[in-house]
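Computation of the quantities below employed the complete heavy-atom set of this structure, encompassing side-chain atoms and omitting hydrogens, waters and symmetry-equivalent molecules. Order of the sequence lines fixes the chain letters, A, B, ..., with proteins taken first and strands second; residue numbering starts at 1 for each chain. In this text, all values refer to a predicted model and were calculated from it rather than measured experimentally.
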2 protein chains.
Amino acid sequence: MKAITIKDIAKKCGVGVSTVSRAINNHPDINEETRRMIMEVIKESNFIPNNSARNLKLSDTKTIGVLIKGIDNPFFQNMIKVFEEEIQNRKYTFILHRVDSSQDEVEVALELIKEKRLKGIVFLGGSFSHQEDKLQEIKIPFVLSTIAITDNVDKNLYSSVSVDDVYESKKIVDFLCDNGHKKIAILASYSTDMSISNLRLEGYRKSLRSRNIPINENLIRYTWDSPNSYSMENGYNLTKELINSKEEFTAIYAISDSMAIGACKAILESGKRIPEDYSVVGFDGLDITYYYNPSITTIRQPIEEMAKETTKILFDLINKKSKNQHKIFEGKLLVRQSTSKLDK
Amino acid sequence: MKAITIKDIAKKCGVGVSTVSRAINNHPDINEETRRMIMEVIKESNFIPNNSARNLKLSDTKTIGVLIKGIDNPFFQNMIKVFEEEIQNRKYTFILHRVDSSQDEVEVALELIKEKRLKGIVFLGGSFSHQEDKLQEIKIPFVLSTIAITDNVDKNLYSSVSVDDVYESKKIVDFLCDNGHKKIAILASYSTDMSISNLRLEGYRKSLRSRNIPINENLIRYTWDSPNSYSMENGYNLTKELINSKEEFTAIYAISDSMAIGACKAILESGKRIPEDYSVVGFDGLDITYYYNPSITTIRQPIEEMAKETTKILFDLINKKSKNQHKIFEGKLLVRQSTSKLDK
DNA sequence: TTGTATGCGTTATCAG
DNA sequence: CTGATAACGCATACAA
């Protein structure tokens, strides 16, 4: 089977290849009539230009890549739409590219940039522990969205949009403490580079310390290091363990909403009530926390605004309107049914 | 900024480009020492081969594309992993490509096939209403997974893996009826081509008819035609309407689990209980239905097996081991807390 | 307005 | 084992 090319079309139309090319790409300097004729033949022949050849030739394509690590994270689902919209509004092409948890996102990015001649790139998810020189390899504007930078890299080398995980985490633990809770368990994800988990854990510690509440290490539960450590299942298992242990606690803080849901299930299954017996809080602000029964108290990250700001920064960079920026959004504490004041 | 190419590497190494190419692609006929030397220089130079050029040149790449329509559908999340695994196990490269709801998936497929020299392709999601001649344009093996074909296309032109939506739908409505429910509301997605919704609706009608239960059209609720018609929000709104209307009903059948969750929320919010006042059932078998409170009765589609079978069929096709196949999986009725027997 | 020729970065063929 | 060189399919400068 011989694939049909632009040459075949040219031949079939009795014109030169460049004319066909011009027709395809809506060039101005082409006779409208021949253009129509060519397009007609293209339709009939089911001709589809080869993108590889095109990308190879092109020097300037208006396209933005979004690299997403952990595409199964429900947290990202709503962001994707916003990115697509924002990027297309600016007349750029939007490419979503999933990177496997075992892959190096910068490596993948570099490849994609060359292949697709990207003008800009946004990194979504994953933990970003790369050397400075590695980042400097990326010659086009990029912004890290919803990513915690672990290492001390020069802030001038990249842009970022995020929430202050420590601060927000402290906020929600503060809320629990304000409601009389002192024995607060936390479900974290244990892993060397899962920086977000560590940051939220730090917020937890900070809150307790600030109130002189002793930290009981037995109430800090880590999941196994798995690709899906923030899952409902892990939240469920950890909570089961917790309940079965002798440790006393009055509240559970799950560092992700999914884990919080798993925690709720485990509690309810054991015959206990929420929030009468245990209060539960999550983190992220997934839609499901609103729909869950009871609805779950959580910190909502303003993902739409964050996605918009991400694209804005990216395009400012592309248009040389500004230097690298770091924008931190404030999370919103959503107090719902899963938490209650503790009666002394 | 001049991008670095294979030529530069060749020059830097004092060898020919072909040798560099051989080094990169692990060709057998190359001196191991020079290979190491070249790879060293490549690392140092941060050289990354241009995929476009490569794809352009290559005639046979072992890669499979998975086209997914509605990537925000949680239903697909778990399938993706299986596809990746299965495909990589067969030493093929896996490419996930998202297609927008406004795009024509076959069009996109054709483009991707040319660009990436795909060996096979799987279509995931969306409704598939294409002309036969359009399908015949796809010259490589492909299989439709979890897609209802609306039109009467020749079964020899494609392969498919699915559940029998009418049958499964009837099954779950039968279950409700067997438990004494007669006034069963259904939350459907109304849209011309949302064939899955129509199929499930048909199963609903079939079940009721087979029991001589009159069908009350007022209990059939359609969402607005939106890109996200299967959402929790829609389930919530529809159920609100239903409750506020004068219609009596004892059970709600939501044609998706997400809608079922929305329905639950609406019911609970109105002060009613599940399943004492209303029974609720969903469809799909998302994990969340297990974790929800109450856990939700649903039909679980065996997505892992379906994804595996999909890849199996695809590779059989690629290896010419078989002709187009159509595999229908049986859904599993999961009876949980959201449903109860109706006392007369 | 249109056609011809060149090159984008790789891989493969074919001599050496 | 290695090095020139010809494609791959397209866009574009330049010539017509």
Side-chain angles (χ1 to χ4, degrees), chain A residues 1-39 41-42 45-63 93 110-118, chain B residues 1-39 41-42 45-63 93 110-118:
Chain A
M1 186 208 94
K2 202 78 200 74
I4 181 165
T5 78
I6 199 174
K7 257 185 197 163
D8 304 318
I9 300 295
K11 209 162 290 174
K12 211 173 281 191
C13 293
V15 301
V17 286
S18 44
T19 309
V20 179
S21 175
R22 278 188 272 262
I24 293 171
N25 299 296
N26 281 81
H27 257 74
D29 50 349
I30 179 174
N31 186 299
E32 186 52 37
E33 197 146 335
T34 52
R35 202 191 78 86
R36 241 198 300 276
M37 182 269 282
I38 291 172
M39 291 314 273
V41 175
I42 287 178
S45 320
N46 290 302
F47 166 66
I48 293 178
N50 184 317
N51 266 323
S52 287
R54 175 176 261 166
N55 287 328
L56 182 57
K57 186 67 192 164
L58 261 33
S59 51
D60 140 271
T61 54
K62 293 171 68 162
T63 118
T93 303
L110 260 15
E111 210 171 309
L112 202 61
I113 291 168
K114 272 207 175 182
E115 178 177 347
K116 302 286 192 179
R117 312 275 186 193
L118 298 185
Chain B
M1 186 209 95
K2 201 77 200 70
I4 181 164
T5 77
I6 198 174
K7 260 185 195 164
D8 304 319
I9 300 296
K11 208 160 290 175
K12 211 174 282 190
C13 293
V15 300
V17 284
S18 36
T19 308
V20 178
S21 177
R22 276 189 273 263
I24 293 171
N25 300 294
N26 280 82
H27 259 73
D29 49 350
I30 181 176
N31 186 300
E32 185 52 35
E33 197 145 334
T34 52
R35 202 190 79 85
R36 241 197 302 273
M37 182 269 281
I38 291 172
M39 291 313 276
V41 175
I42 287 178
S45 320
N46 291 302
F47 166 66
I48 293 178
N50 184 317
N51 266 322
S52 288
R54 178 175 258 166
N55 288 326
L56 180 59
K57 185 67 194 170
L58 260 33
S59 50
D60 139 272
T61 54
K62 294 171 69 164
T63 118
T93 303
L110 261 13
E111 209 171 309
L112 201 61
I113 290 169
K114 271 207 175 181
E115 177 177 348
K116 300 287 191 178
R117 312 274 186 194
L118 299 185

Over how many whole Å does the gap from B/Glu115 atom CD to C/dT10 atom C1' extend?
16 Å

Whole angstrom value for the distance that separates P of C/dT10 from NZ of B/Lys11:
13 Å

Quick check on D/dC10: is either OP1 or OP2 less than 4.0 Å from any side-chain nitrogen or oxygen of A/Ser52?
no

Phosphate OP1/OP2 of D/dG9: any A/Arg54 side-chain N/O under 4.0 Å
no

Going through the checks in order, is the side chain to side chain contact (heavy atoms under 4.5 Å, CB included) test met by B/Thr5 and B/Asn50?
CA-CA 8 Å; B/Thr5 77; B/Asn50 184 317; over 6 Å; no

Nearest-Å distance, CZ (B/Arg22) to C1' (D/dT5)?
13 Å

How about A/Asn25 and A/Arg54: do any of their side-chain heavy atoms sit closer than 4.5 Å?
yes

Phosphate contact (D/dG3 OP1 or OP2) by B/Thr19 side-chain N/O below 4.0 Å:
yes

Nearest-Å distance for atom pair CG/P, residues B/Asp60 and D/dA7:
20 Å

Nearest-Å distance for atom pair CZ/P, residues B/Phe47 and C/dG9
10 Å

Which part of the nucleic acid does A/Thr34 contact within heavy-atom distance under 4.0 Å: base, sugar-phosphate only, or nothing?
sugar-phosphate

Give one of base, sugar-phosphate or nothing for B/Asn50, where a contact means two heavy atoms less than 4.0 Å apart.
sugar-phosphate

Out of D/dT12, C/dG3, C/dT1, minimum distance to the side chain of A/Val15 belongs to C/dG3

Side-chain contact test, heavy atoms from C-beta onward, threshold under 4.5 Å: evaluate it for A/Phe47 versus A/Val41 and give yes or no.
no

Determine the minimum heavy-atom distance between A/Thr19 and A/Ile30, stating which atoms define it.
O-CD1, 3.6 Å

How do A/His27 and B/Arg117 order along DNA chain D: which one's closest nucleotide is nearer the 5' end?
B/Arg117

Between B/Glu32 and B/Arg35, is there a salt bridge with N-O shorter than 4.0 Å?
yes

Just compare C/dT11, D/dA13, C/dT1 and give me whichever is closest to any side-chain atom of A/Asn31.
C/dT1

Just to confirm, is there a sub-4.0 Å distance from OP1 or OP2 of D/dA11 to any side-chain nitrogen or oxygen of A/Ser21?
yes

Calculate the interatomic distance between B/Asn51 atom CG and C/dT10 atom P; express it in whole Å.
9 Å

Heavy-atom donor-acceptor pair, A/Lys114 side chain to B/Ile48 backbone, under 3.5 Å:
yes

Of all the choices, D/dG3, D/dA11, D/dG9, which nucleotide is nearest to the side chain of A/Asn25 once you look at every atom?
D/dA11

If you go through the side-chain atoms of B/Thr5, does one of them form a donor-acceptor pair with the base of C/dT10 closer than 3.5 Å?
no

Just call it for B/Ile30: base, sugar-phosphate, or nothing, with non-hydrogen atoms closer than 4.0 Å on any strand.
sugar-phosphate

Report the residue (B/Val20 or B/Leu58) whose heavy-atom-nearest nucleotide on DNA chain D is the more 5′ of the two.
B/Val20

Rounding to a whole Å, what distance do you find between A/Asn55:CG and C/dT10:C1'?
15 Å

Proximity to the side chain of B/Ser18 - top-ranked nucleotide from D/dT2, D/dG9, C/dA12
C/dA12

Rounded to whole angstrom units, what separation is found between the CD1 atom of A/Ile9 and the P atom of D/dC10?
9 Å

Per the atom types in the model, does the base of C/dG7 pair as donor or acceptor with the side chain of A/Lys57 at under 3.5 Å?
yes

A/Leu56 has a side chain; which of C/dC8, C/dA5, C/dA12 sits nearest to it?
C/dC8

